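For reference, the structure is listed below as structure tokens.
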Amino acid sequence: MLKEDMDKKEKKANPKAHKRLIDKNVNEETVNYYVRIAATLDEGFEGDEDRELFLRNVFIQLEKEDIHVFMHPSLQDVLVKLTELSNVEQTIKLLQILKDNTAELLNDGKARKVMCSLLLQVAEFSGGEKSKEQQEHLEELQEVFLEICQSLKRDVENVLVVKTVLQVLSGHVNMSAKDIGMKRNKTTWNYTPPTEFIQTFHEMCEEIFSLDDIQEKVEHNKASMVLTHVFPLLHKVDTPTCHKFIRKYLTLSGVLTDHEKFQWLVSDSRGSFLMQAIIECCSDEIYTELYSSVCKGHLLSLAVHPQANFVLESLIKGAKDKEQFEEIFVELKENFEDILAFNHLRVITSLAKAACQLKTCQMKLVKHLLRAFHCFEPEDRQIMFVPLLATLTTYEVYFGIEEGSDKPENENPTLGKVNIHGSLILQTLLEFKNPKYVVNSLLHMTPKNLQCLACDPSGSHIMEVYFKSTTVTEKNKAAMVDKLQDVLQDIACSSCGSWIIETMWTELPLPQKTVIVKALAKHDRRLAGDQYGRFIHRHCGVSTYINSVRNWTQMQTSSQKKRKMFEDILQTSGTKTKKKKE
């Protein structure tokens, strides 16, 4: 429907249309037209033909519009919607408008959203098989797109647009609609880009790193965000070149050898993001050089800094071998309580995950955590490790012990809300070679507190890992089932808890399943009538168990045999695939 037709319809229906914010270069009539277009798109169409006809007329009108329509603050969302619905030919025409007015559009912050949405259409049409006619249109589209790219070389200020262009060129597009404020349905694509795209991608990277004032721009936050996006993309497209540019930047900036410059960079939020990208993408040689020259001996200052602690997290994750990680651990181990006091739990989590992955320093890490929560000595305090770490409170705070007193106000307090970071650390500790401190603490918790843990959104994951862990013995898993017998029905009637019962049922052998179903059968009616409990009631075969224990046992034995057979088939298939690869 063209603008004139819609205007007549609007005047009849609403002669006093509400006045909206309009740009001096765009009249109210035009604004109202696109607002009505947005409403029509939201309402939908009776068939595809109606939709095609409507969009064709709208795009004919859009192609005639003044450039200021693309810059109008009230029209951004509808224009983003329209660009996503454009076909190849319509996209080419709109890209041509963009190419002819790039400088003006780049200077307008609001127009960049529309630009990016339009540029993403190049990614939409670049993947998959094409007919001869489609291929011709695609080549024309790519030609216009590459001309736009030429005008963006050496540009490090229009971060969003440059980021979009680089991702489309690389074939690895992963834009966040939320981050860039774009109401698009699709923002992710992976495809093999044409040779011209890769060549232009390399050229743009070369231009950015050849800027004489690149470090000055980084210092003024103009280039740091562009580089943050360049390094991961370059790492996917051409890893050796990525390593070369990382070394070039670190050398030019002096960050590789001067601790003060490094500290200045990582103390800024954008600089911190940049350094994280560098650590994640750099070569082993650069990582070792960076760690040895500017990080070693300064890890605590990084750990307690509000921005630099994220860089330390990346540094820990990037440890290349046991020796390197052990050096980092030794420097930080005596300061766990200080790190916890600053609430930088991600540092502790990354240490735990690295210790688990590299199979080193595991028991030492646990003991230092016990000390940090004041439950290492006396020894009888160690059984409180899980509640303390789960709620991130020291022994004295958890029990309400006043200064100068040894006796707790409450000898058995109810478990509070579980902290997500405390949960993540405990989940990792349960995967350690010897998780005895966590297991003993869990088995000493009261059934009521175990119920609180199982029904908590974060705490339930601890229970899940407990039953799935290969390092927690079958004996300890059976002991946990016995401990939970009296509260299983309450756990089953919880959204998080019912999921834990399902995990237990999948992971445990028949003797423990018998204990579970026997306990659940006592509360048959409650489970059958509960929104969560009824799934557990059916899944565990409670009705069958009540009617005939023998039939239930046969059913479970048969189910277990089928599952074992299926696992054997998968294992055999996996072994054959591995041999073929070798």
Side-chain angles (χ1 to χ4, degrees), residues 380 382-391 398-399 408 410-418 423 426 430 435 438-469 472-549 552-553 556:
D380 60 354
Q382 291 175 7
I383 60 171
M384 293 307 302
F385 183 41
V386 170
L388 299 181
L389 182 48
T391 56
Y398 188 81
F399 284 101
N410 185 350
E411 292 188 1
N412 196 19
T414 303
L415 184 74
K417 184 172 173 58
V418 177
S423 173
L426 283 166
L430 280 167
V438 180
V439 171
N440 288 343
S441 179
L442 280 166
L443 291 175
H444 276 88
M445 287 173 70
T446 64
K448 198 68 184 170
N449 277 347
L450 285 170
Q451 179 194 331
C452 292
L453 191 69
C455 296
D456 185 275
S458 298
S460 59
H461 292 282
I462 299 169
M463 298 296 284
E464 180 196 11
V465 175
Y466 181 92
F467 287 106
K468 285 185 173 181
S469 175
V472 177
T473 64
E474 294 301 320
K475 183 180 176 183
N476 284 327
K477 289 177 184 178
M480 179 60 77
V481 174
D482 292 337
K483 192 95 177 174
L484 293 170
Q485 278 187 76
D486 293 336
V487 293
L488 281 173
Q489 72 281 359
D490 296 316
I491 294 173
C493 293
S494 157
S495 59
C496 295
S498 59
W499 170 50
I500 296 304
I501 302 286
E502 283 194 43
T503 301
M504 292 166 68
W505 198 258
T506 305
E507 300 295 327
L508 295 170
L510 188 58
Q512 275 68 61
K513 285 183 179 180
T514 307
V515 174
I516 293 170
V517 77
K518 190 175 180 181
L520 294 175
K522 295 175 185 177
H523 306 274
D524 175 49
R525 281 190 177 181
R526 181 187 171 190
L527 291 173
D530 185 84
Q531 62 172 327
Y532 303 112
R534 68 171 180 266
F535 295 107
I536 298 302
H537 187 276
R538 185 175 64 249
H539 188 66
C540 299
V542 176
S543 294
T544 307
Y545 178 83
I546 291 169
N547 293 325
S548 172
V549 175
W552 178 88
T553 305
Q556 295 304 320

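We number each residue from 1, following the sequence as shown. Not measured: the values here are computed from a predicted model.
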Heavy-atom check, side chain of Gln512 versus side chain of Lys477, under 4.5 Å: no
Closer than 3.5 angstrom, by distance alone: can the side chain of Ser423 be matched with the main-chain N or O of Ser458 as a donor-acceptor pair? yes
Correct closest heavy-atom pair for Thr503 and Lys468 would be CG2-CE, 3.9 Å
Kindly give the heavy-atom pair with the smallest separation between Met445 and Val386, and that separation in Å. SD-CG1, 3.9 Å
To the nearest 0.5 angstrom, please state how far the CG atom of Asp486 sits from the CD atom of Gln451. 10.5 Å
Can you tell me how far CG of Asn449 sits from CG of Leu442, rounded to the nearest 0.5 angstrom? 11.0 Å
Taking the side chain as every heavy atom from C-beta outward, state whether Val481 and Phe467 have any atom pair closer than 4.5 Å. yes
Applying side chain to side chain donor-acceptor pair (under 3.5 Å) as the test, list every pair that has at least one member in residues 525-535; sequence neighbours left out. Asp490-Arg526
Nearest atoms (heavy-atom pairs only) where Pro457 meets Cys496: CA-SG, 3.7 Å
Rounded distance (nearest 0.5 Å) linking atom CG of Leu520 with atom NZ of Lys513: 13.0 Å
Nearest atoms (heavy-atom pairs only) where Ile536 meets Ser498: CD1-O, 3.2 Å
Quick check against the 3.5 Å criterion: does His444 have a side-chain atom that pairs as donor or acceptor with the backbone of Asn440? yes
Do any N or O atoms from the side chain of Trp552 and from the backbone of Cys540 form a donor-acceptor pair under 3.5 angstrom? yes
May I have all residue pairs that pass ring-ring contact (aromatic ring centres under 6.0 Å, His included) and include part of residues 480-504, sequence neighbours excluded? His461-Trp499
Are Leu488 and Met504 side-chain neighbours, meaning at least one heavy-atom pair lies under 4.5 Å? yes
Tell me which one of Asp456, Leu453, Ile501 satisfies side chain to side chain contact (heavy atoms under 4.5 Å, CB included) with Met463. Leu453
Check against side chain to side chain contact (heavy atoms under 4.5 Å, CB included), Leu450 and Val487: CA-CA 9 Å; Leu450 285 170; Val487 293; 5.7 Å; no
Would you check if Asn476 and Tyr466 make a side-chain contact, meaning some heavy-atom pair closer than 4.5 Å? yes
With heavy-atom distances below 4.5 Å as the criterion, would you say the side chains of Leu508 and Val515 are in contact? no
Is Thr446 close to Leu415 at the side-chain level, that is, under 4.5 Å between some pair of heavy atoms? no
Nearest heavy atoms of Ser543 and His537, plus distance in Å: OG-CE1, 2.9 Å
Taking all heavy atoms of Val465 and all of Leu430, pick out the closest pair and write down the distance. CG1-CB, 3.8 Å
What I'd like to find out is whether the side chain of Lys448 reaches to under 4.5 Å of the side chain of Thr414, using heavy atoms alone. no
Hey, are the side chains of Tyr398 and Pro387 touching, using non-hydrogen atoms and a 4.5 Å cut-off? yes
Who pairs with Ser469 by side-chain hydrogen bond (donor to acceptor under 3.5 Å, both in side chains), at least two apart in sequence or on another chain? Thr471
